[in-house]
**Student:** 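Pasting a structure here, questions to come.
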Amino acid sequence: MIPLFKVEVPAGAADRVTAVLDSGMLGHGPLVEEFERQLGERIGNPYVAALNNATSGLQLALRLAGADGEVLSTPFTFEATNWSILAGGGRITWVDVDPATLNVDLEDLAKKITPRTRAVMVVHWGGCPVDVERLARILDDAEAAHGRRPVVVEDCAQAWGATVHGRPLGRHGNLCVYSFHATKHLSCGTGGLLVLPDEESLRRARRLRFFGIERDADRVHADYDVPEWGYNFYLNEIGAAIGLSSLAVVDERIARHRANAAYYDAELAGVPGLELTARTPGLDSSFWLYPVLVEDRDAFIGKLAAAGVAASVVCRRNDAHGCVTPSAEPLPGLEAVHDRAVNIPVGWWLSDEDRAHVAHTIRSGW
Ligand SMILES: *Cc1c(COP(=O)(O)O)cnc(C)c1O
């Protein structure tokens, strides 16, 4: 089976992990700090806090944003995005999806911002970036109209390597969260990163990831105070060791995802019953996923499975789950895509023969 995801730890990771195990320091330590330094350098923003996973990062970001009221969000995402809002006591207002990109529809989002909106959650689905520059202008207008500016949280869990006009996500003044889960482009096994806009919010995030306690607090003499309670969300040395090894191979792996995507763009254009998602100049996807829209999705998945190719929907529209309130208004963009969207393997593990086999199987019909 050609899989949709593949977990392969780079050579050298085991030696780094063994060194950590021998060091006697497994919690927060020098490797986490080195990992943070390298990540900050790559993003071009030094204000980063490594965490135990991205779901923690989303919860922490929403806490920093004071988002215990109305939060605008997309239903087309992995459940971690939206359950993080619920975990922080927020109320979700669903925003429609742009059928061309499967990302949030920025026009609908602009209409739904009210004076009560505390935060706006956007997801760079499959690694395809939301136009965060346009989003900033929408928030400028909302601020001018309502006298307050909702905080933007970007779920970049799938988008390591994606860029907006050449700049990585995490440089646009928002709270950004990357996932380093085993299946993501950059992996710590499990891990995450919160990227912040300034030094002050970084200091607060670093306290809140460790119970609200300053790292250098004098806990021997109990001569310290916790002014604001926090969580147990920090990354450990084992995760950082794996992450540092992963950093050495991530660029070449993403380059292969992109090359495979370009191949499919050419080979699958015009196939009857199949639509590609939009490519927008300046918004460069890292292609963690390669989503397409197909008629008779079950037959499509079945045809590929019979040919040894894993295809998957990956997520269910979140607004349809029993634990949330459905949208008060219709979501026509979502309706147009939610039962046609499916992902085909695009990762670095596909050989030239593999991707030709996938394209040929699809072109032969289902
Ligand atoms: C993977 C993922 C998450 C959660 O990441 P973890 O690191 O596993 O917590 C959140 N949002 C999206 C869109 C994801 O794909």
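Note that the numbering runs from 1 along the sequence shown for the chain. Atoms within each ligand, like the ligands themselves, are counted from 1 in listed order.
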**Student:** Under 3.5 Å, N or O to N or O, is A54 touching ligand 1 that way?
**Tutor:**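 Min N/O separation from ligand 1 is below 3.5 Å for A54.
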
**Student:** Considering only heavy atoms, does D155 approach ligand 1 within less than 4.0 Å through its side chain, its backbone, both, or neither?
**Tutor:**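 For D155, the contact with ligand 1 is made by the side chain alone.
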
**Student:** What residue and heavy atom of the protein are closest to atom 2 (C) of ligand 1, and at what distance?
**Tutor:**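 Result for atom 2 (C) of ligand 1: K184 NZ, 2.6 Å.
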
**Student:** Heavy-atom contacts under 4.0 Å between T77 and ligand 1: side chain, backbone, both, or neither?
**Tutor:**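 It is the side chain that touches ligand 1; the backbone stays farther off.
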
**Student:** I'd like to know if E36 pairs up with R206 as an ion pair, taking the criterion as any Lys NZ or Arg NE/NH1/NH2 lying under 4.0 Å from an Asp or Glu carboxylate oxygen.
**Tutor:**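 A salt bridge links E36 with R206.
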
**Student:** So, R297 and D339, do they make that salt bridge, N to O below 4.0 Å?
**Tutor:**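 Not counted as a salt bridge, because no side-chain N and carboxylate O are separated by less than 4.0 Å.
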
**Student:** Taking 4.0 angstrom as the limit, do R256 and D352 come out as a salt bridge?
**Tutor:**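 So R256 pairs with D352 through a salt bridge.
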
**Student:** Which ligand 1 atoms are under 4.0 Å away from a heavy-atom of A80?
**Tutor:**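 Within the 4.0 Å cut-off of A80, ligand 1 contributes 3 (C), 4 (C), 10 (C).
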
**Student:** Can you classify the ring geometry of F180 versus W160 as parallel (below 30°), tilted (30 to 60°) or perpendicular (above 60°)?
**Tutor:**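 Perpendicular, since the angle between the ring planes exceeds 60°.
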
**Student:** List every atom of ligand 1 that sits less than 4.0 Å from any heavy atom of G191, numbering the atoms from 1 in the order shown and giving each element.
**Tutor:**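 Listed by number with element, the hits are 7 (O).
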
**Student:** At what distance is the nearest protein heavy atom to atom 9 (O) of ligand 1, and which residue and atom is it?
**Tutor:**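 Residue, atom and distance for the closest contact: T55 OG1, 2.5 Å.
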
**Student:** Give the other cluster members for L72, using side-chain heavy-atom distances under 4.5 Å between Ile, Leu, Val, Met, Phe, Trp and Tyr residues; answer none if it is isolated.
**Tutor:**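 Answer for L72: V95, V104, L106, L109, I113, V120, V122, V130, L135, I138, L139, V152.
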
**Student:** So for ligand 1, is S179 a polar contact partner (N or O within less than 3.5 Å, distance only)?
**Tutor:**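 Among all N and O atoms of S179, at least one is under 3.5 Å from an N or O of ligand 1.
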
**Student:** Going by side-chain contact (heavy atoms from CB on, under 4.5 Å), name the residues that satisfy it together with P326, two or more places apart in sequence or in a different chain.
**Tutor:**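 Testing P326 for side-chain contact (heavy atoms from CB on, under 4.5 Å), a comparison that skips the adjacent residues, returns none.
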
**Student:** Give a yes/no verdict on whether any heavy atom in S56 is under 4.0 Å from an atom of ligand 1.
**Tutor:**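 It does not; every heavy atom stays at 4.0 Å or beyond.
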
**Student:** Taking 4.0 angstrom as the limit, do R355 and E267 come out as a salt bridge?
**Tutor:**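 No, R355 and E267 are not salt-bridged.
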
